[in-house]
Visitor: 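First the structure, which I've put down as structure tokens, then a few questions once you've had a look.
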Amino acid sequence: MKGIKDFLIMYFLCVIVLLIAATVLSGVKGGFWSLLLFGAFLVTLLFYAAFRLLCRIDELERRLDQLTGVREDGEKE
């Protein structure tokens, strides 16, 4: 359930950032809200995918360090 929570937090942050950017750069038009929400969804998907990949890389690095016997400070056990 943590993945959905992280995704929704990122989605709402992207909506707010895109809303601010859209109001600064252009006037309000007819399809503004639907375009804003769709754009925020796409940006959030990209950020979320990158975030999850970084988390998986960190987990793999920790497991590799455990298997090789290297501590986090770079010394061997």
Side-chain angles (χ1 to χ4, degrees):
M1 197 64 172
K2 184 180 179 198
I4 297 290
K5 184 179 176 183
D6 290 340
F7 179 80
L8 289 175
I9 290 170
M10 280 189 200
Y11 179 72
F12 287 120
L13 287 175
C14 286
V15 167
I16 291 169
V17 169
L18 286 176
L19 178 64
I20 292 169
T23 53
V24 168
L25 298 175
S26 68
V28 176
K29 297 182 180 175
F32 174 75
W33 293 109
S34 61
L35 185 61
L36 175 79
L37 294 176
F38 182 69
F41 182 73
L42 291 179
V43 170
T44 304
L45 282 177
L46 292 173
F47 282 149
Y48 185 72
F51 174 72
R52 293 298 294 171
L53 285 173
L54 288 174
C55 289
R56 290 190 69 185
I57 289 172
D58 288 340
E59 289 174 13
L60 288 173
E61 285 178 345
R62 266 190 248 117
R63 286 186 66 202
L64 185 61
D65 288 344
Q66 286 177 345
L67 291 174
T68 58
V70 176
R71 293 186 203 158
E72 288 185 15
D73 58 2
E75 297 178 8
K76 283 200 163 215
E77 293 181 354

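Owing to the predicted nature of the structure, the values given are computational and were not obtained by experimental measurement. Because only heavy atoms are used, hydrogens play no part in the values below, and waters and symmetry mates are left out as well, while side chains stay in.
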Visitor: Find the distance between CG (D65) and CG (L60) and round it off to the nearest 0.5 Å.
Guide: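 Going from the CG atom of D65 to the CG atom of L60 covers 11.0 Å.
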Visitor: Would a single hydrophobic cluster contain both F47 and F12, if residues Ile, Leu, Val, Met, Phe, Trp and Tyr are joined by side-chain heavy-atom contacts under 4.5 Å?
Guide: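 Yes, F12 and F47 fall within the same hydrophobic cluster.
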Visitor: Rounded to the nearest 0.5 Å, how far apart are CG of L8 and CG of L13?
Guide: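 One finds 11.0 Å between CG of L8 and CG of L13.
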Visitor: Looking at C14 and V43, what are the two nearest heavy atoms and their distance?
Guide: SG-CG1, 3.7 Å
Visitor: What's the separation between atom CE in M10 and atom OH in Y48, rounded to the nearest 0.5 Å?
Guide: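 If I round to the nearest 0.5 Å, the distance is 7.5 Å.
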Visitor: Would the number of heavy atoms belonging to other residues, nucleotides or ligands and lying under 6.0 Å from OH of Y11 be above 12?
Guide: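 Buried by this count: over 12 neighbours within 6.0 Å.
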